[in-house]
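Here the structure comes first, spelled out in structure tokens, and everything after it is commentary.
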Amino acid sequence: MEKTATNIENSLRLVNVYIAAELGAIDPEVFDFKKYPFSFMGKATRARFTLLTAGALGVETGVAEKVAAAAELTHTASLLHDDCIDLARYRRGLPTLYDQLGVNSAILVGDILITMAIECAGRAAPDLQGSLVRAVKRMAEGALIEENSRGRKISTVAAEKIVTLKTGALFRWCALAACRLAEKRELLADCARLGEEAGAAFQIIDDVLDFEGDAGICGKETLKDIKEGNFTLPLILALNDAQAGPAAEKLLAAVKAGPEADLVPALDLAGLVRKGGFSGAARKIAAEKLKNLFPPIDKFPCAEEAAALKDFLLALGARTA
């Protein structure tokens, strides 16, 4: 497994170099990426997932790296747009492009990255461009459902739909792209499930970290969902609890009524979610999703790489940043 880990790290470095070269090729009059400190790769979770899945399916490394680059460019584009929606000033340990340049430039740079991602997917295989466009549509649908739900309590079923679309759609594309390149049509359904469920679980943990995480370690603002009126799984579980629900409702009302600078009600609500075990319960739901993916992964032809993919999924469920 050590050889697989080394190969993945080497591929991630090449993906980073590839993305940097693509960004560097843009006319500085359009946008000079060297002027503005921003991480266009982040933790590379989607790239790592793509490379591990492709390896487990026996895909040639160089082609898989193009899919991984397309995934990261797509994800970063979505973050640039999200930061404008959320008025976020801190992302991946650095000021957001929204904070540095304003909403107009951040949106337009995001648009450029989306087109770069589609071009990159086409270099791996022409038919991957259309499937990536459809994945981006699903991501936007999930984000819009979340936006339409802002400020009102939603069900756990509705929350599941949001994370499946908003985050699961791109992971799903990554896994299906790897399956397509491996020419393993018999594994398409398993790969679709792998990507969708892994992405949904990843987003649930992200939502947990909004209550549990430290902004300095996570590299982005915490308590964001509480302050913006987004009802994610940990909070929904607290609100649905007979004992904790009334106290959570009262704190939510205080968050809405108070000035934006007053973080006390939000901090108290986060404390209630943590101490009541609701963030832990959400973690367990995510972990169960990930463990249920092991049987489909056992069907993949490359055993060592499949084992590394399982380890990666377990790490996703246990992450604290």
Side-chain angles (χ1 to χ4, degrees), residues 1-19 41-75 117 120-125 127-128 131-132 135 167-205 286-319 321:
M1 195 131 21
E2 186 178 335
K3 181 184 175 184
T4 298
T6 301
N7 290 341
I8 293 296
E9 293 307 316
N10 287 337
S11 285
L12 285 172
R13 279 192 288 273
L14 291 173
V15 170
N16 198 22
V17 168
Y18 181 90
I19 289 175
M41 186 88 162
K43 297 182 180 73
T45 301
R46 288 147 188 84
R48 196 179 295 273
F49 173 73
T50 301
L51 293 167
L52 284 165
T53 303
L57 290 167
V59 178
E60 191 269 317
T61 303
V63 182
E65 288 165 2
K66 291 182 176 64
V67 175
E72 287 301 327
L73 287 166
T74 302
H75 175 54
C120 187
R123 291 176 195 133
D127 57 307
L128 293 182
S131 60
L132 180 55
T167 306
L170 184 54
F171 277 81
R172 182 178 184 271
W173 178 78
C174 294
L176 285 174
C179 190
R180 149 72 182 83
L181 294 171
E183 298 183 350
K184 302 285 184 184
R185 293 184 62 83
E186 70 278 10
L187 294 175
L188 279 172
D190 289 318
C191 286
R193 180 186 165 203
L194 167 64
E196 201 163 86
E197 290 289 282
F202 178 86
Q203 185 60 53
I204 290 170
I205 297 298
E288 193 65 24
K289 280 180 176 292
L290 294 168
K291 286 178 184 174
N292 286 340
L293 295 173
F294 284 15
I297 293 172
D298 286 335
K299 300 177 187 177
F300 291 4
C302 303
E304 182 177 327
E305 290 80 358
L309 176 58
K310 289 181 185 178
D311 286 348
F312 170 73
L313 294 178
L314 289 176
L316 279 191
R319 70 193 177 96

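Each residue takes its place number in the sequence, starting with 1.
A pairwise comparison of heavy atoms in Ala125 and Leu181 identifies CB-CD2, 3.9 Å as the closest pair. Looking at every heavy atom in both residues, Ile205 comes nearest to Leu316 through CG1-O, 3.8 Å. Here the closest non-hydrogen pair linking Cys120 and Ala70 is SG-N, 3.8 Å. Of all the heavy atoms in Ala117 and Leu73, the pair that sits closest is CB-CB, 3.7 Å. Between Leu187 and Lys299, the shortest heavy-atom contact is CD2-CB, 3.9 Å.
Distance check: Phe300 CZ to Glu305 CD gives 12.0 Å after rounding to the nearest 0.5 Å. Note that CG of Leu293 is 10.5 Å distant from CD of Glu196, once rounded to the nearest 0.5 Å. Going from atom CD of Glu197 over to atom NZ of Lys291 covers 15.0 Å, rounded to the nearest 0.5 Å. Phe294 contributes atom CZ, which lies 10.5 Å from atom CG of Leu194 (distance to the nearest 0.5 angstrom). The CH2 atom of Trp173 sits 7.0 Å away from atom OG1 of Thr50, with the distance rounded to the nearest 0.5 Å.
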Discussion item. Quick one, Arg48 with Glu72, criterion salt bridge (Lys or Arg N to Asp or Glu O under 4.0 Å). Give me CA distance, side-chain angles, the key distance, then yes/no.
Written reply: CA-CA 10 Å; Arg48 196 179 295 273; Glu72 287 301 327; over 6 Å; no

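Residues meeting the ring pair (Phe, Tyr, Trp, His ring centres under 6.0 Å) test with Phe171, sequence neighbours left out: Phe49, Phe202. A search for side-chain hydrogen bond (donor to acceptor under 3.5 Å, both in side chains) contacts involving Asn16 returns nothing, not counting sequence neighbours.
Applying the side-chain hydrogen bond (donor to acceptor under 3.5 Å, both in side chains) rule to pairs touching residues 180-189 yields Asp127-Arg180, sequence neighbours excluded.
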